[in-house]
Amino acid sequence: MTRAAERLKLLINHLDRSPDVIRAAPTLAPSLSSSLPLSLRYTLDNDLLTPEQRISYEKNGFILIKNLVSEQDINRFRNEFEKVCRQHVKPLGLVAMRDVAIAKSEFVPDQKAVTKIQDFQEDPELFRYCTLPQILKYVECFTGPNIMAMHTMLINKPPDAGKKTSRHPMHQDLHYFPFRPADRIVCAWTAMERVNRQNGCLVVLPGSHTGTLREHDYPEWEGGVNKMYHGVRDYNQQHPRVHLEMEKGDTVFFHPLLIHGSGMNQTQGFRKAISCHYASSDCFYINVKGTTQENIEKEVLEIASRKLNMTGDFDLKDSWAFRGRLVQGERTSL
């Protein structure tokens, strides 16, 4: 037995919770990781993560890796984002969003009007983030060798306009995804500049990934809520929170059941981050009808019908099927 394996075994034996507690409840489909030891169901055997990092992810649902993405790469992503905002490039399928507090009369094609772009899989420069070797080597620790990039975002959190609309409600990313198992999905989220509590860093509830997928809906906020910003309807408000303050290039990897959100941007600058949700290509699609995800499916179908003139037998999994792109290994299922 290697020293790393011995250390891992020792750490497992000293977990402050029993293996019966460290498990995720079913999320509408059986998990491919059910044959793994219960105390190590969220990470796969690998030569990259230290035993301490594996145990931390098992207990908390996230790990933070410092200085993973170079300043040069981040500057290139920033430059491409500006081109997209100015409509100098128009990638197929890309969606640009803006804060609900920005009136239509104020909209101009500039990065100050765009709060988020998503589905940039057809933009070669931005999608390069999803293929960075230093990102994928960590992703493989959670998904295995066959990796699909499923959902892409570049967030440009604006200075709050006074209505607190720059907040993002506490939520679980799995609410949006019609594929399983949850344990073989992971998000990589990279700070494109220093993020802290002042400009609205990520806030996470450690250990919440061991629970179930909860019911989500729009929170009843006086200032309004941005489109698709669903939040968990009921969770323990007293649950300990961690504010993930990060430096430029730092990257956090987290489980899709981890409850997280972000606060207001109380500065005058825009807080940028780039992210990708990855899944094992061995994952499979599920039907969300009759589940807590039915409301997000309905909203997605309404938008698709209005903007893309799509009707008929179109459902949530169809909306995801064309987004996913293989970035490593073989495309076996998704």
Side-chain angles (χ1 to χ4, degrees), residues 68-99 102 107-136 138-139 143 147-158 168 173 176-179 185-193 195 202 226-229 248-249 251-254 256 262 270-279 281 296 300 303-304 307-308 310 316-328 331 334:
L68 189 62
V69 180
S70 72
E71 182 171 2
Q72 179 183 14
D73 278 330
I74 289 175
N75 289 341
R76 287 177 59 175
F77 301 144
R78 182 185 292 269
N79 291 337
E80 185 69 5
F81 173 67
E82 292 177 1
K83 292 179 183 178
V84 170
C85 292
R86 295 185 183 125
Q87 300 180 6
H88 293 171
V89 294
K90 299 179 180 181
L92 181 67
L94 183 141
V95 178
M97 304 174 70
R98 53 193 173 88
D99 195 282
I102 299 176
F107 179 77
V108 292
D110 180 80
Q111 65 167 321
K112 291 184 178 180
V114 177
T115 61
K116 179 196 293 185
I117 59 173
Q118 58 183 21
D119 301 331
F120 58 67
Q121 65 273 3
E122 299 301 327
D123 184 302
E125 181 59 40
L126 290 177
F127 191 74
R128 199 171 56 80
Y129 168 79
C130 306
T131 66
L132 290 175
Q134 66 269 37
I135 295 281
L136 291 180
Y138 278 98
V139 170
T143 64
I147 304 174
M148 297 285 294
M150 298 300 295
H151 185 224
T152 52
M153 291 191 299
L154 194 153
I155 304 123
N156 188 44
K157 184 188 281 284
H168 197 302
D173 290 337
Y176 298 92
F177 302 153
F179 42 90
I185 303 169
V186 70
C187 179
W189 192 101
T190 299
M192 296 178 67
E193 56 206 303
V195 297
L202 287 180
N226 286 308
K227 196 70 174 173
M228 295 288 187
Y229 278 30
K248 186 176 184 179
T251 301
V252 60
F253 297 88
F254 59 91
S262 63
F270 287 73
R271 189 271 276 159
K272 290 181 175 62
I274 188 168
S275 73
C276 178
H277 283 90
Y278 297 90
S281 72
I296 189 65
V300 168
I303 293 173
K307 290 190 174 183
L308 305 175
M310 298 184 71
L316 186 62
K317 57 181 180 290
D318 294 325
S319 75
W320 285 96
F322 72 92
R323 305 186 204 187
R325 287 186 59 182
L326 184 71
V327 289
Q328 182 178 292
R331 189 167 190 169
L334 279 185

**Asked** What do the steps show when you test R128 against F77 for side chain to side chain contact (heavy atoms under 4.5 Å, CB included), and what is the final call?
**Response** CA-CA 9 Å; R128 199 171 56 80; F77 301 144; 3.6 Å; yes
Closest non-hydrogen atom pair between [X] and [Y], with its separation:
X: A191; Y: I74; answer: O-CD1, 3.6 Å
X: P256; Y: I185; answer: CD-O, 3.2 Å
X: I155; Y: S275; answer: CD1-OG, 4.4 Å

Report yes or no: does [X] contribute a side-chain atom to a donor-acceptor pair with the main-chain N or O of [Y] at less than 3.5 Å?
X: S281; Y: M148; value: no
X: Y129; Y: D73; value: no
X: T251; Y: A188; value: no
X: Q118; Y: H151; value: no

**Asked** How about E125 and K83: do any of their side-chain heavy atoms sit closer than 4.5 Å?
**Response**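 E125 vs K83: side chains apart.
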**Message:** If the condition is ring-ring contact (aromatic ring centres under 6.0 Å, His included), which residues does F254 pass it with, not counting sequence neighbours?
**Reply:**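 Applying ring-ring contact (aromatic ring centres under 6.0 Å, His included) to F254 gives H260.
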**Pairwise salt bridge (Lys or Arg N to Asp or Glu O under 4.0 Å) hits with a residue in residues 113-122, at least two apart** =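 Those involving residues 113-122 are D119-R323.
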**Message:** Under the criterion side chain to side chain contact (heavy atoms under 4.5 Å, CB included), I'd like the reasoning laid out for Y138 against V186: C-alpha separation, chi angles, the key distance, then a yes or no.
**Reply:** CA-CA 10 Å; Y138 278 98; V186 70; over 6 Å; no
